[in-house]
Amino acid sequence: LTFVAPSPRERLSRLSPSPPRGSAMAPVARRGALASVVALLAGAGASAAGVRHDCLAGGPTPPEDWVRFVETSVSIPAPAEQVWAVLTNMTGWSAWNDVFRARIHGAPELGKRFWIDRHMNTAPWPLRRTSVLMEVSVLTENEKICWRPQLIPGLTGEHCHVLCESEGSTTLYNYEDHHGTFEPIARHVLGNATTNAFNEFNGVLNSVVVGRRG
């Protein structure tokens with residue numbers, strides 16, 4: 001008797017058997033494996049290039065089990081530091097926009113609570129002017145600030161601004177995610193109006209930052 005050692009390919013096929021030939025699962029398995037490899041390579045490439053996760057193509061994504069309530073963005077021709085300075089001077093908001101006014105003592109700090117008065121012209125009439133208690137939940141200088149509205153039971157939210165600088169210009173992602181039983185209702189009633197309000201805020205913020213650059 002002569003023993004012939006299996007080739008590396010044969011050993012691999014024994015460890016990971018393929019679906020039967022002709023099975024509908026075969027192309028699905030191959031596509032799934034290919035997608036995993038592509039995702040792995042993309043993540044490795046982004047890490048190697050030093051790109052923050054929030055700044056990958058497409059912008060920030062909602063956490064697991066959360067839903068994107070509103071998603072807006074604006075490209076501002078200024079460094080992130082200058083955008084951050086205007087954005088986080090929250091007591092000065094009322095001087096340059098009519099949509100959001102922050103009632104806060106001093107600079108934002110992690111865990112600090114404050115009020116935001118909202119004036120959304122396209123919201124249903126009873127909800128056009130509201131005041132919501134917020135709590136700062138994320139604070140990374142020149143990169144990201146988030147706060148969580150103290151909402152009713154059954155609805156949790158988080159409103160974030162993410163700054164991604166590239167070649168002297170900054171993309172600002174201004175978005176809000178929701179989680180809970182009442183998420184679909186909130187999105188149906190206020191989704192479009194809040195999107196309009198965020199876009200208006202973004203546009204005026206852009207003008208203010210550019211104007212201060214001279």
Side-chain angles (χ1 to χ4, degrees), residues 54 59-60 62-63 66-74 76 78 80-164 170-180 182-183 185-187 189-209 211-212:
D54 279 343
W66 287 61
V67 174
R68 183 58 43 90
F69 170 59
V70 170
E71 181 166 25
T72 66
S73 65
V74 61
I76 302 177
E81 183 178 1
Q82 294 180 10
V83 179
W84 180 265
V86 177
L87 177 65
T88 56
N89 180 20
M90 299 172 69
T91 56
W93 283 5
S94 58
W96 51 264
N97 94 100
D98 299 323
V99 184
F100 299 110
R101 182 169 72 94
R103 288 182 279 143
I104 185 172
H105 298 289
E109 300 173 359
L110 199 61
K112 178 179 280 190
R113 290 193 170 193
F114 63 98
W115 288 87
I116 285 187
D117 301 325
R118 306 183 300 186
H119 182 199
M120 301 190 296
N121 286 325
T122 58
W125 183 80
L127 300 173
R128 288 184 182 178
R129 292 184 179 270
T130 58
S131 297
V132 182
L133 179 63
M134 306 287 186
E135 181 176 307
V136 179
S137 54
V138 178
L139 184 62
T140 305
E141 188 174 5
N142 297 328
E143 294 184 2
K144 184 175 184 178
I145 183 170
C146 303
W147 45 78
R148 290 197 172 194
Q150 308 304 295
L151 300 172
I152 61 176
L155 183 62
T156 303
E158 187 168 58
H159 180 184
C160 294
H161 295 81
V162 172
L163 287 69
C164 299
T170 301
T171 298
L172 172 71
Y173 295 98
N174 182 3
Y175 63 92
E176 186 168 327
D177 295 329
H178 281 179
H179 172 75
F182 297 114
E183 177 277 320
I185 298 175
R187 184 154 38 94
V189 174
L190 285 172
N192 289 336
T194 308
T195 298
N196 294 338
F198 281 20
N199 278 324
E200 183 176 343
F201 181 89
N202 296 346
V204 182
L205 174 64
N206 183 20
S207 299
V208 172
V209 173
R212 292 187 181 182

Nearest-0.5 Å distance, CE of residue M120 to OG1 of residue T194: 4.0 Å
For the student: nearest non-hydrogen atoms of P60 and E71, plus distance: O-OE2, 4.1 Å
More than 12 heavy atoms of other groups within 6.0 Å of N89 CG: yes
Spacing of CG belonging to L190 relative to CD1 belonging to I185, to within rounding of 0.5 Å: 11.5 Å
Check: N202 and N206 side chains under 4.5 Å, non-hydrogen atoms: no
Atom pair CG/CG of L205 and N97 - distance to nearest 0.5 Å: 9.0 Å
R128 atom CZ: more than 12 heavy-atom contacts under 6.0 Å: yes
Shortest non-hydrogen contact between G157 and P149, atoms and distance: O-CD, 3.2 Å
Close side-chain approach of Q150 and V132, heavy atoms under 4.5 Å: no
Let me check something: any side-chain donor-acceptor pairs from residues 138-147 under 3.5 Å, sequence neighbours excluded? List them with distances.
from : atom 1 : to   : atom 2 : distance (Å)
K144 : NZ     : D54  : OD2    : 3.1
W147 : NE1    : H159 : ND1    : 3.3

Heavy-atom side-chain contact between L133 and W115 under 4.5 Å: yes
No-hydrogen, no-angle side-chain donor-acceptor test under 3.5 Å, E158 and S137: yes
Test applied, side-chain contact (heavy atoms from CB on, under 4.5 Å); reference residue, T170; option that passes from V83, V74, V209: V83
Closest non-hydrogen atom pair between H119 and D98, with its separation: CB-O, 3.6 Å
Validation row: Q82, V86 side chains within 4.5 angstrom (heavy atoms): no
Salt bridge (charged side-chain N to carboxylate O under 4.0 Å, His left out) partners of R101, counting only residues at least two apart: D117
Rounded distance [0.5 Å steps], CZ in F114 versus CD1 in I104: 5.5 Å
Heavy-atom side-chain contact between E109 and V136 under 4.5 Å: no
D177 and R68, any side-chain heavy atoms less than 4.5 Å apart: yes
Side chain proximity check, I116 to W93, heavy atoms < 4.5 angstrom: yes
Rounded distance (nearest 0.5 Å) linking atom SG of C160 with atom OH of Y175: 4.0 Å
Partner set under ring pair (Phe, Tyr, Trp, His ring centres under 6.0 Å) for W66, not counting sequence neighbours: H179
Gap separating the NE2 atom of H105 from the OG1 atom of T91, nearest 0.5 angstrom: 11.0 Å
